[in-house]
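Here is the structure we will look at.
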Amino acid sequence: MIDIKILREEPDRVRKAIADKGNDCDLDAILEMDIKRRKLIASVEQLRAQQKSVNSEMAALQKGSPEFIAKIEEMRGVAAEVKQGDTALKDLEETWEEMILTVPNIAHDTVPVAPDPSGNVVDLTWGDAASASPHAKAHYDADIFNELSDFPRGVKVTGAGWPFFKGGMARLIRSLINFYLDEARDAGYEELMAPLVVNEASARATGQLPDKEGQMYVIPQEGFYMIPTSEVPVTNFYRDEILEADDLPVFRACYTPCFRREAGSYGKDVRGLNRTHQFDKVELVKWVHPDESYNELESLKSHAETLLQKLQLPYRVLLMCSGDLGFTQTKKYDLEVWAAGQERWLEVSSCSNFEAFQARRANIRYRAKGEKPVHVHTLNGSGLAVPRVLAAILENNLQEDGRVKIPEVLVPYFGQEYLG
RNA sequence: GGAGAGAUGGCUGAGUGGUCGAAAGCAACGGUUUGCUAAAUCGUCGUACCCCACAAGGGUACCGCGGGUUCGAAUCCCGCUCUCUCCGCCA
């Protein structure tokens, strides 16, 4: 949620931000509604004040006395007016709330302004794509992948995009998760285990609702949603809370499977590990002091990078342009790993700063001693997603004999130097 | 899943229709006093929104959440959620 004060005081800045993001919300209508809303609040509150003062006079009167009865008569009309005003105000607040939720967050000054993904800037490329195995193959064409995964049975048991993984592949997935979590802990992130389903209030606070309900699996009987990322339960951990300033920053790391409907996806994007309805991911979330959020974004991104470096996987970092920035983000880096077999870059992490946008909606604040509560800044990033990193390992490290060389840092976790 | 009890401010806990945003205590913060500590004592001590210049000041709302009754609701009625106790079931 945008800061209403910024909206009132710097409408032109917001207007530009909306245009830069390619969003089309009607700012003038919102500002007009704001004025209308405040007028109505003022008039209803004035009526209530009158009601209140007469009520305390009545408290001092003899019940049933002529004066008392006269007051009741007098206040009957005011009571009706208040009720009417309240109803009108409730309606108005509801529409206004909906409207203000359509205003996107304002991109940071350092974000390139461009309408579409072609405006994203390659910030850096690490490693040498040519260093990949000369035998690289798309993972879904490699024998070892087809031996150790079972898509047809996944279709039988659940549906398309819900694969089984077997033996060494399953163990390799587990190795990656453990590697990610251990690295996160060393970097100061406290590990969290989270619920895999959340209620509506949580989905709303992190912005999955309204609008993106189509991306989530729903459990209608309970009104629950299966999490599309652990960002949802983890960010909501502090929903409606006030943290001590001294406790900031707070870093958390959380491994969960993630569930996404991915409606409308097709073609090579969804082959093999590239996109499945359920996938594993370690998510990193930060709650920080507003002055620090951009430094924290850099360190978040750097941490995710070191994971790929340690895995010896070539990758690049994209600074996302305004048009490719999400609704809630002020600045975002995407990390893409090089998959030598498919000869394409696969997104494995997305590191974003939300400033106070998410915190405002989730009502997460901090308080310095003797000060008023202030919204924290929140950030999150994957550290990292599993399947696409796995795909890159399978492709880049595929040997002539069909085995896959396990990255050195994973050997202690995996227990063997080769898969297969 | 069945039966019962409950939900009040940072915490404990009073309050069953009217000057209650809410007693009291604790904790916290500021001052005074005492040689230090401890104690005593005085004061401050919630959040959001609205008016106003986001100041001073004024106002409204909030006693789990949502409705209702009433001139007036923490207090009465209805629905929901959550917590606790007992029973059942269960990894």
Side-chain angles (χ1 to χ4, degrees), chain A residues 1-11 13-14 30-101 193 195-205 209 219-225 233 236-248 290 356-357 359-376:
Chain A
M1 194 162 78
I2 193 89
D3 187 346
I4 180 67
K5 277 187 201 142
I6 293 177
L7 209 92
R8 285 177 194 150
E9 286 162 21
E10 303 171 79
R13 190 172 148 225
V14 179
I30 294 169
L31 286 168
E32 208 175 294
M33 191 60 123
D34 183 43
I35 292 169
K36 227 167 123 184
R37 172 181 151 267
R38 289 197 284 171
K39 263 196 192 133
L40 190 55
I41 289 174
S43 75
V44 170
E45 289 192 349
Q46 200 189 336
L47 278 173
R48 272 228 194 78
Q50 187 196 344
Q51 204 177 22
K52 241 180 123 167
S53 83
V54 174
N55 280 341
S56 41
E57 285 171 35
M58 285 173 76
L61 288 173
Q62 180 82 34
K63 247 177 227 166
S65 65
E67 301 97 304
F68 190 87
I69 289 165
K71 291 274 186 205
I72 289 182
E73 286 307 318
E74 181 192 334
M75 293 320 287
R76 217 161 252 164
V78 178
E81 256 183 282
V82 167
K83 191 165 272 184
Q84 203 177 16
D86 259 346
T87 315
L89 186 58
K90 221 187 117 192
D91 282 357
L92 213 138
E93 291 273 19
E94 214 166 279
T95 0
W96 186 76
E97 186 86 5
E98 269 167 39
M99 285 173 105
I100 196 157
L101 286 179
M193 271 274 195
L196 304 185
V197 295
V198 295
N199 59 28
E200 191 186 321
S202 296
R204 203 163 272 283
L209 296 177
I219 302 171
Q221 209 171 4
E222 311 287 344
F224 290 161
Y225 296 86
N236 274 283
F237 186 83
Y238 288 122
R239 173 153 56 84
D240 295 326
E241 293 192 30
I242 299 172
L243 306 172
E244 294 293 333
D246 293 345
D247 293 340
L248 297 180
F357 197 84
R360 212 171 286 119
R361 194 150 165 183
N363 194 26
I364 304 169
R365 294 169 290 171
Y366 75 96
R367 175 173 17 217
K369 257 193 177 24
E371 303 281 321
K372 286 266 169 200
V374 178
H375 289 108
V376 298

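All values below were derived from every heavy atom in this structure, side-chain atoms included, with hydrogens, water molecules and symmetry-related copies excluded. Proteins get letters first, then strands, A, B, ... in listed order; numbering begins at 1 in each.
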Whichever of A:S53 and A:I41 has the more 5' nearest nucleotide on RNA chain B, that residue is A:I41
Comparing nearest nucleotides in RNA chain B, the 5'-proximal residue of the pair A:Q51, A:A59 is A:A59
Practice prompt. Please determine if A:E73 and A:R76 form a salt bridge, counting it only when a charged side-chain N lies under 4.0 Å from a carboxylate O.
Written response: yes
* Can A:K83 and A:D86 be counted as an ion pair, charged N to O under 4.0 angstrom? -> no
Verify the contact: side-chain N or O of [X] to OP1 or OP2 of [N], cut-off strictly under 4.0 Å; return yes or no.
X: A:K52; N: B:C71; value: no
X: A:R38; N: B:C51; value: yes
X: A:R76; N: B:C71; value: yes

Would you say [X] has more than 12 foreign heavy atoms packed within less than 6.0 Å of its [atom1]?
X: A:E93; atom1: CD; answer: yes
X: A:E74; atom1: CD; answer: yes
X: A:E57; atom1: CD; answer: yes

Using atom [atom1] of [X] as one end and atom [atom2] of [N] as the other, report the distance to the nearest whole Å.
X: A:K372; N: B:C45; atom1: NZ; atom2: C1'; answer: 12 Å
X: A:M58; N: B:A73; atom1: CE; atom2: C1'; answer: 14 Å
X: A:M75; N: B:A73; atom1: CE; atom2: P; answer: 11 Å
X: A:I4; N: B:A48; atom1: CD1; atom2: P; answer: 16 Å

Any strand is fair game: report the nucleotide pairing with [N] by Watson-Crick or G-U wobble, both distances under 3.5 Å, or none.
N: B:U44; value: B:A28
N: B:C84; value: B:G4
N: B:C49; value: B:G59
N: B:A23; value: none
N: B:C65; value: B:G79

With rounding to whole Å, what would you report as the distance between [N] and [M] at their [atom1] atoms?
N: B:C52; M: B:U33; atom1: P; value: 46 Å
N: B:U81; M: B:C65; atom1: C1'; value: 7 Å
N: B:A23; M: B:G10; atom1: P; value: 14 Å
N: B:A48; M: B:C29; atom1: C1'; value: 23 Å
N: B:U75; M: B:G1; atom1: C1'; value: 34 Å
N: B:A53; M: B:U37; atom1: C1'; value: 49 Å
N: B:G17; M: B:A73; atom1: P; value: 14 Å
N: B:C90; M: B:A74; atom1: C1'; value: 40 Å

Using a heavy-atom cut-off of under 4.0 Å over every strand shown, decide if A:A60 touches base, sugar-phosphate, or nothing. base
